[in-house]
Amino acid sequence: MGEKLNEFLSSNEFKIFKDEDLREKAIEAVNAILKRLRDENLDPPARSQVNSIFATLQTCGMSGLEVLAEKQKAKEQKKEKDKANMREGFWALLCKHIADQNDPCSLSGLAHTVLAARGFVKDHSMLKPPERGSQKTLNKQAIKAFLDAIALIYFEHFICHFYYCHKGGNNGQAV
């Protein structure tokens, strides 16, 4: 499966997906996150924090971004802890958006959907224990390879739209 997955990840179909479909997904994600922040009366993150997303991806990859997001989420939660009504900030929402496998709009959910449609990720729930474990491992490896392949382009679109909505020509409103 690894060779076929690598062929798919370097195919023209995947390149078009990264350029067109990912842009739309990134715009939807930014709009949803900004709406939640606005609804909760929370400030968006500082520009330097948003810049750290791309810098982290370039140096540490997707796993580095997950670590960064978790650390920033912990800092947000520490600030919110003193308040009576704890709210989810930007980094908590970003963590969910990256890793929530039950959300088809999350990056992990998107990876699962795209890869399952092409047979790279298979349902392991009906398999017996030895095969179940190996299929879970194969699924995780395929999803990780997919996320690593899309991360830079996806977050480039994400950050550009975030800047457009937050400080650009849209007065901080999601489009």
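The chain is numbered in sequence order, starting from 1.
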Worksheet item: For Asp43 and Leu37, what are the C-alpha separation, side-chain angles and deciding distance, and is it a side chain to side chain contact (heavy atoms under 4.5 Å, CB included)?
Response: CA-CA 7 Å; Asp43 293 327; Leu37 292 176; over 6 Å; no
Worksheet entry | Check against side chain to side chain contact (heavy atoms under 4.5 Å, CB included), Met62 and Phe155 | CA-CA 10 Å; Met62 195 64 183; Phe155 280 102; 4.2 Å; yes
Worksheet item: What do the steps show when you test Val121 against Gln135 for side chain to side chain contact (heavy atoms under 4.5 Å, CB included), and what is the final call?
Response: CA-CA 8 Å; Val121 170; Gln135 187 59 55; over 6 Å; no
Under 3.5 Å, which donor-acceptor pairs do the side chains of residues 143-153 form with other protein atoms, sequence neighbours left out?
{"from": "Lys144", "atom 1": "NZ", "to": "Asp148", "atom 2": "OD2", "distance (Å)": "2.8"}

Under 3.5 Å, which donor-acceptor pairs do the side chains of residues 13-26 form with other protein atoms, sequence neighbours left out?
{"from": "Glu13", "atom 1": "OE2", "to": "Arg118", "atom 2": "NE", "distance (Å)": "3.4"}
{"from": "Glu13", "atom 1": "OE2", "to": "Arg118", "atom 2": "NH2", "distance (Å)": "2.7"}

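Here the shortest heavy-atom pairing between Val50 and Pro45 reads CG2-CG, 3.6 Å. Nearest heavy-atom pair, Ser108 versus Ala99, reported as atom, atom and distance to 0.1 Å: OG-CA, 3.6 Å. Heavy-atom minimum distance, Gly89 versus Leu42: CA-CD1, 3.9 Å.
A heavy-atom distance below 4.5 Å is found between the side chains of Phe162 and Leu34. Taking the side chain as every heavy atom from C-beta outward, Leu68 and Ser52 approach each other to under 4.5 Å. With a 4.5 Å cut-off on side-chain heavy atoms, Val30 and Ile159 do not count as touching. Looking at heavy atoms from C-beta onward, Tyr154 lies out of side-chain contact with Leu57 at the 4.5 angstrom threshold. With contacts defined as side-chain heavy-atom distances shorter than 4.5 Å, the pair Trp91/Gln77 does not qualify.
Here Asn41 pairs with nothing under the side chain to side chain donor-acceptor pair (under 3.5 Å) rule; sequence neighbours left out. Under the salt bridge (charged side-chain N to carboxylate O under 4.0 Å, His left out) criterion, Asp39 pairs with Lys35, not counting sequence neighbours. Residues passing the side chain to side chain donor-acceptor pair (under 3.5 Å) test with Glu28, sequence neighbours excluded: none. In this structure His112 satisfies the ring pair (Phe, Tyr, Trp, His ring centres under 6.0 Å) test with no other residue, sequence neighbours excluded. Scanning for side chain to side chain donor-acceptor pair (under 3.5 Å) contacts around His157 gives an empty result, with sequence neighbours left out.
Rounded to the nearest 0.5 Å, atoms CD (Gln49) and CG (Asn51) are 10.5 Å apart. Interatomic distance, Gln101 CD to Leu107 CG, rounded to the nearest 0.5 Å: 12.0 Å. Separation of atoms SG (Cys165) and CG (Asn31) is listed at 5.0 Å; rounding is to 0.5 Å. In this structure, CZ in Phe8 is found 6.5 Å from CG in Leu115, a value given to the nearest 0.5 Å. Considering CD1 of Ile33 and CZ of Phe90, their distance stands at 5.5 Å, rounded to 0.5 Å. Taking OG of Ser106 as the reference point, atom CG of Leu94 lies at 11.5 Å (rounded to 0.5 Å).
Leu93 is connected to Tyr163 through a chain of hydrophobic side-chain contacts under 4.5 Å among Ile, Leu, Val, Met, Phe, Trp and Tyr, so both are in one cluster.
Within the structure, side-chain hydrogen bond (donor to acceptor under 3.5 Å, both in side chains) pairs that include any residue of residues 53-75 do not occur (at least two apart or interchain). Residue pairs meeting the salt bridge (charged side-chain N to carboxylate O under 4.0 Å, His left out) criterion with at least one member in residues 91-100, sequence neighbours excluded: Glu88-Lys96.
Of the possible polar contacts, one joining the Asn139 side chain to the Lys122 backbone as a donor-acceptor pair under 3.5 Å is found.
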